[in-house]
J.: 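Okay, here's the structure, questions in a sec.
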Amino acid sequence: MSVVITVAPTGPIAFTSDNPSLPTQPLEIAQAVHAAYLEGASVAHLHFRDENEQPTADLGIARATMAAIEDLCPILIQVSTGVGLGVPFEDREKMVELRPRMATLNPCTMSFGKGEFRNPPDGVRRLAARMQELGVKPELEIYDTGHLDACLRLRDEGLLDGPLQFSIVLGVAGGAAATADNLLMLAKRLPEDAIWQIIAIGKSNLELTAIGLAMGGNARAGMEDTLYLRKGELTQGNTPLVARTAAMARALDRSVASVAETEQILQLPPR
Ligand code: KMH
Ligand code: ZN
């Protein structure tokens, strides 16, 4: 099966003071996504920032960024409804009104590094129902086993349509550690027809991405998940991270999925 590579160029946590090549402004993000598309990424996972680099749910900034990307390439857009730790859930859930092809759904409230990541159950239900209405495919972010069970309950309530699409997110302080055992344990518990990708945060990003690809999973690459190409070496933008993930997939004799193939693999609702 071809590999779906998602680029996550910015995220909600880092600043250019952490890595000067972090794209934070609309045109910077569009150019980074276009470069990643040329390296094999078929999905772009987007967070937006204001002019002070603060994470924002500002729909105007989001639209400008999405339009700039669409002018450059046909990559599939996945908007984050995580947005940023300090952003109210009521503002975050409005991101799906942008009607992207996909958007993330974080099923549970959790400790997240030094902060709290609030995802109230009734809000998550409301968001899942709205995504269903709009034909926006949920990217289910599971940081631990209980998060998977929460998603299966939403499915059983009819709020999620199959096949379910999961991101197994490992390495966030507050969620499951970034270990091969945790990846195996979670991947084995997924529904038979589920589609999944590995998201490994921080220093285990390379190893766990390699294991996830070898296990048949898809992968996410980008400066949302690591600012380093290797220990002690800051990455010069997102492109080297995406290129390396594509090279690993090919080394495993797995082709890299095009946008059209990705629509098939993820069985995205037609637009
Ligand atoms: N930042 C990642 C650990 C989201 O954007 O909704 C998880 C994430 C969630 O990407
Ligand atoms: Zn994100």
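Counting starts at 1 for both ligands and their atoms, following the listed order. When a residue number appears, it is its place in the shown sequence, counting from 1.
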J.: Near the Zn ion (ligand 2), which protein N/O/S atoms fall under 2.8 Å?
T.: His45 NE2, His47 NE2, Glu224 OE2

J.: Looking at side-chain heavy atoms only, is the closest gap between Leu72 and Val33 below 4.5 Å?
T.: no

J.: Quick one: nearest non-hydrogen protein atom to atom 6 (O) of ligand 1, plus distance?
T.: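 Answer, as residue, atom name and distance: Thr104 OG1, 2.7 Å.
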
J.: Using a strict 4.0 Å cut-off to heavy atoms of His45, name the atoms of ligand 1 that fall inside it.
T.: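 Near His45, meaning under 4.0 Å from one of its heavy atoms, ligand 1 has 4 (C), 5 (O), 10 (O).
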
J.: May I ask you to list the atoms of ligand 1 that are less than 4.0 angstrom from any heavy atom of Val169?
T.: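 Listed by number with element: 3 (C).
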
J.: Would you kindly specify which portion of Phe112 sits under 4.0 Å from ligand 1, judged on non-hydrogen atoms: side chain, backbone, both or neither?
T.: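 It is the side chain that touches ligand 1; the backbone stays farther off.
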
J.: Is it the case that Glu53 and Gln25 place a side-chain donor and acceptor less than 3.5 Å from each other?
T.: no

J.: Can you see whether Phe15 has Arg49 sitting over its ring - NZ or CZ less than 6.0 Å from the centre and within 45° of the normal?
T.: yes

J.: Would you say Asn19 and Tyr228 are linked by a side-chain donor-acceptor pair, where the criterion is simply a distance under 3.5 Å?
T.: no

J.: Please determine if Lys94 and Glu97 form a salt bridge, counting it only when a charged side-chain N lies under 4.0 Å from a carboxylate O.
T.: no

J.: Would you indicate whether Glu116, at its atom CD, is surrounded by more than 12 heavy atoms from other residues, nucleotides or ligands within a distance under 6.0 Å?
T.: no

J.: Could you list which atoms of ligand 1 come closer than 4.0 Å to a heavy atom of Ser80?
T.: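 Taking each heavy atom of Ser80 in turn, ligand 1 has 4 (C), 5 (O), 6 (O) under 4.0 Å.
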
J.: If we only count N/O pairs under 3.5 Å, is Asp225 in contact with ligand 1?
T.: no

J.: Can you check whether Leu183 reaches Trp196 side chain to side chain, under 4.5 Å on heavy atoms?
T.: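 The answer is yes, as the side chains (C-beta and beyond) meet within the 4.5 Å cut-off.
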
J.: Report the part of Ile13 (side chain from C-beta onward, or backbone N, CA, C, O) that has a heavy atom under 4.0 Å from ligand 1; answer both or neither where that applies.
T.: neither

J.: Under 4.0 Å from a heavy atom of Ile201: give me the atoms of ligand 1 that qualify, with their elements.
T.: 3 (C)

J.: Is Asn106 touching ligand 1 with its side chain, its backbone, both, or neither, if touching means heavy atoms under 4.0 Å apart?
T.: side chain

J.: Scan side-chain atoms only and decide if His147 and Glu141 contain a donor-acceptor pair under the 3.5 Å cut-off.
T.: no

J.: For atom 9 (C) of ligand 1, which protein heavy atom lies nearest, and how many Å away is it?
T.: Tyr143 OH, 3.3 Å

J.: Assess, by modelled atom type and distance only, whether the side chains of Thr104 and Glu139 contain a donor and an acceptor separated by less than 3.5 Å.
T.: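 No - no donor-acceptor pair under 3.5 Å links their side chains.
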
J.: What do we get for Arg92 next to ligand 1 when only non-hydrogen atoms under 4.0 Å count, side chain, backbone, both or neither?
T.: neither

J.: Is there a heavy atom of His47 sitting under 4.0 angstrom from any atom of ligand 1?
T.: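 Yes; His47 lies near enough to ligand 1 that a heavy-atom distance drops under 4.0 Å.
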
J.: Could you tell me if any non-hydrogen atom of Arg220 lies under 4.0 Å from any atom of ligand 1?
T.: yes

J.: So which heavy atom on Thr24 is nearest to which on Ile29, and how close?
T.: O-CD1, 3.6 Å

J.: Using a strict 4.0 Å threshold on nitrogen-to-oxygen distance, state whether Arg126 and Glu93 make a salt bridge.
T.: yes

J.: Without hydrogens or angle criteria, can the side chains of Gln236 and Ser21 be said to hold a donor-acceptor pair below 3.5 Å?
T.: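 No, Ser21 and Gln236 have no side-chain donor paired with an acceptor closer than 3.5 Å.
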
J.: Should the ring pair Tyr37 and His34 be called parallel, tilted or perpendicular, given that the plane angle runs from 0 to 90° and is split at 30 and 60?
T.: parallel

J.: Going by the atom numbers of ligand 1, which of them fall below 4.0 Å from some non-hydrogen atom of Gly82?
T.: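 Numbered from 1, ligand 1 contributes 6 (O).
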
J.: Report yes if Glu224 has an N/O atom closer than 3.5 Å to an N/O atom of ligand 1; otherwise report no.
T.: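 Right, the criterion is met.
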
